[in-house]
**Q** 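Have a look at this one before I ask anything.
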Amino acid sequence: MARRFALHERRAVRDLSGVWDFAFLGEADPEAVEVDSIPFEDVMAVPGSFDATPAYAGRRGLAAYRTRVRVEKAGRHRLVFDAVHHWCRVFWDGTPIRDHAGGFTRFTADVDHAEAGTVEVVVLVDNLFGERSPLHLEYFDWYHFGGISRPVELQRLGETWIEGLRCVTDDVEARRVSLSVDYRGEGRSVPFTVECGGETVLEETVDLDSSGRIERTFTLPGVELWSPSNPALHLLRVRLGDDDMCERIGLRQVTVEDGRLAVNGEALTLWGVNRHESHPQFGHSQPDGLLVADVQQIRDLGCNFVRGSHYPQDPLFLDLCDEAGICVWSESIAWQYPAELLTDPEFVAAQLDHVDEMVASAFNHPSVIMWGVLNESPSHEPAVRPAYEELLGRLRELDAFRPVTYASNHIYEDGCLDLADVVSVNCYPGWYGGGIADIPAELDRIAAHVDKSGHADKPLIISEIGAGAVPGWRDQHHGMWTEEYQAELLETVVGHLAAQDRISGLSIWVLGDFRTTDAKHMLLGRPRSVNDKGVLDEYRRPKQAYGAVRRLYRRARESR
Ligand code: ADA
């Protein structure tokens with residue numbers, strides 16, 4: 001997996017990135033596909049988005065990917081997929097071993113016993129909308145690219161293996177940390193060691209039982225804490241029997257204090273952007289160089305915050321944010337789901353699975369300071385409240401240590417704000433209604449409404465605000481769609497928020513332009529088939545607004 005450190009030293013791991021055989025099967029029904037007779041006449045990069053390549057641009061349907069991999073030693077093996085869009089079925093030498101629905105999250109496919117030799121791995125990938133992919137809907141305001149978009153790995157597992165680690169800072173002053181290790185392979189007695197920064201912290205023998213979990217608490221005297229201004233990180237290596245797993249941790253606590261988010265007790269004002277994982281040439285696949293460049297630009301802009309809109313971001317992006325001290329709102333997939341879906345138990349179950357996967361892979365990133373769900377869904381309709389309760393409740397169950405939120409676009413009628421720790425508002429004054437001059441009053445009105453409705457104790461974030469600007473389009477009238485209009489609108493927003501105290505976070509919509517859906521009603525407001533509200537264009541070239549925001553963000557951060 002593309003990460004900033006090796007997850008395993010002992011476990012045999014093979015990176016399956018490269019060029020795989022490829023066939024576009026179009027309308028074919030996956031149930032009827034004979035895996036042994038697929039005509040693989042083309043090739044495709046893994047990771048990659050097949051429909052971002054010129055030959056398959058805009059194609060929707062079933063695709064097949066194939067690679068051959070050498071199994072050195074017989075035994076249990078695991079394929080790890082960091083993300084496949086949107087539905088897939090994985091075959092191991094012709095046998096289906098896993099179906100998975102939903103892009104943007106990691107999942108695994110296990111083979112209990114693989115013989116040594118060469119194995120053929122085939123993945124049927126479907127980027128159609130419909131029953132197989134309930135979470136991805138065609139009308140969303142982004143283009144759903146298809147393919148094996150993030151890295152794939154083959155791992156060899158022994159008789160005992162670590163499923164995952166979760167590390168929590170219990171006490172900042174005492175540098176006390178709780179670790180829980182999920183494992184498989186009960187009924188054995190094995191050595192268990194924990195190292196942090198190369199120093200042994202725990203060393204014992206454990207009896208593995210049916211609980212599948214080891215829980216320990218230890219202190220790390222004197223280690224540096226993680227904070228946005230001092231993002232100190234420590235490598236934590238756990239060894240269990242013949243297996244091991246590494247995570248990079250930061251010691252820090254996120255709390256809500258006096259209506260603000262705080263890290264280690266220090267109140268934060270969040271100045272940030274929303275970020276989509278989309279690129280004209282790579283689709284949802286994000287080459288390492290692109291992730292590095294995005295983080296460089298986020299820092300250069302003066303941000304200390306990014307909202308991962310509207311789905312879990314690449315694990316390498318989170319690593320880079322950990323290092324840069326950029327706070328992240330990690331969000332599960334959603335875009336204006338209707339009440340009809342949010343009251344459908346099967347749909348909510350699919351959302352819950354996706355939330356589980358998001359939390360499992362991002363839990364140990366210190367940069368992730370809050371979780372979010374259900375972007376702009378009908379939180380004002382009483383019928384959907386149970387879905388908000390369930391999803392936010394699941395986040396709290398999985399992680400009692402981070403605040404939870406959702407971005408509301410119904411703030412004046414919202415019926416779920418009591419369920420969130422942080423109130424987050426998407427609003428577009430000066431774009432979808434009113435003019436630039438109306439913005440300060442509207443932001444104040446939102447703040448007054450939130451306080452009056454009983455949430456004055458919660459942090460308040462403007463999670464989206466912005467304007468479209470066609471790159472390079474400038475004129476002396478400074479009309480809508482010009483770079484001048486966008487720059488002036490964002491200057492007004494940042495200028496106003498920097499001069500008040502109640503709203504303590506802002507994520508501008510959006511860092512970079514990105515391709516949107518083909519739905520016509522949307523395209524009439526999306527010149528070039530692109531959502532043009534980026535302060536960068538889709539190739540990350542700065543618009544006029546970039547300079548304006550950069551100047552104001554830097555000034556605001558210096559003065560607080
Ligand atoms: C919403 C939505 C974004 C985007 C934005 C826009 O706030 O959450 O994904 O669609 O509107 O550009 O209009």
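Counting convention: from 1, in listed order, for ligands and their atoms alike.
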**Q** Listing by chain and number, which residues have a heavy atom under 4.0 Å from ligand 1?
**A**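 Residues Asp141, His310, Trp335, Asn375, Glu376, Asn426, Tyr428, Tyr432, Glu464, Trp509, Arg526, Asn531, Lys533 each place a heavy atom under 4.0 Å from ligand 1, listed by chain and number.
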**Q** Establish, yes or no, whether the cationic atom of Arg445 lies under 6.0 Å from the six-membered ring centre of Tyr412 and within 45° of the ring axis.
**A**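 Satisfied, under 6.0 Å and within 45°.
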**Q** Who pairs with Tyr56 by side-chain hydrogen bond (donor to acceptor under 3.5 Å, both in side chains), at least two apart in sequence or on another chain?
**A**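 Partners of Tyr56 by the side-chain hydrogen bond (donor to acceptor under 3.5 Å, both in side chains) criterion, ordered by chain and then number, come out as Asp42.
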**Q** Against the six-membered ring of Tyr143, is Arg60 placed for a cation-pi contact (under 6.0 Å from the centre, within 45° of the normal)?
**A**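 Arg60 over Tyr143 ring: yes.
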**Q** Kindly indicate whether a cation-pi arrangement holds for Arg396 with Phe401, taking the cut-offs as under 6.0 Å to the six-membered ring centre and within 45° of the axis.
**A**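 Arg396 over Phe401 ring: no.
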**Q** Over 60° means perpendicular and under 30° means parallel, so classify the ring planes of His310 and Trp509, tilted if in between.
**A**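 Plane angle under 30°, so parallel.
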**Q** Can you label the angle between the Phe50 ring and the Phe22 ring as parallel, tilted or perpendicular, going by 30° and 60°?
**A**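 Tilted.
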